[in-house]
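Reviewing the structure listed below.
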Amino acid sequence: MTDSADIHAFLMSLELEQLESIKLKLEALLKQQQEEREKQTQQQKTRSKHPPSYHDLDALAANTGLDLSGLMKDIKRRT
């Protein structure tokens with residue numbers, strides 16, 4: 001791991017424009033991560049509380065986060 005003194009020395013060697021650029025990139029990355037978390041929580045909230053009918057393979061695959069072929073492989077593995 002990098003020592004905090006090394007980080008401090010590196011940041012002190014940068015110009016203000018470079019520091020501002022780093023700050024903007026970090027803020028954009030943080031915003032993107034927050035949006036992804038919100039999207040995941042919304043998906044979890046909208047997911048059905050009841051499992052799909054075993055007759056509806058597409059819904060069953062979507063509920064497990066797999067495609068249809070992945071679901072079939074998973075079922076074969078469990079049997």
If hydrophobic clusters are built from ILVMFWY residues whose side chains come within less than 4.5 Å, do Leu26 and Leu11 share one?
yes
Applying the side chain to side chain contact (heavy atoms under 4.5 Å, CB included) test to Glu35, which of Lys39, Lys31, Gln33 qualifies?
Lys31
Please say yes or no: joined through hydrophobic side-chain contacts below 4.5 Å, possibly via intermediate residues, are Ile7 and Met12 part of one cluster?
no
What residues, two or more places apart in sequence or in another chain, satisfy side-chain contact (heavy atoms from CB on, under 4.5 Å) together with Glu15?
Glu17, Gln18
What is the distance from atom CG of Leu14 to atom OG of Ser21, rounded to the nearest 0.5 Å?
10.0 Å
Can you tell me how far the CD atom of Glu36 sits from the CD atom of Gln32, to the nearest 0.5 Å?
5.0 Å
Starting from Phe10, can I reach Leu19 by hopping between I/L/V/M/F/W/Y residues whose side chains sit under 4.5 Å apart?
yes
List for me each residue that meets side chain to side chain donor-acceptor pair (under 3.5 Å) alongside Arg37, sequence neighbours excluded, and say none if there are none.
none
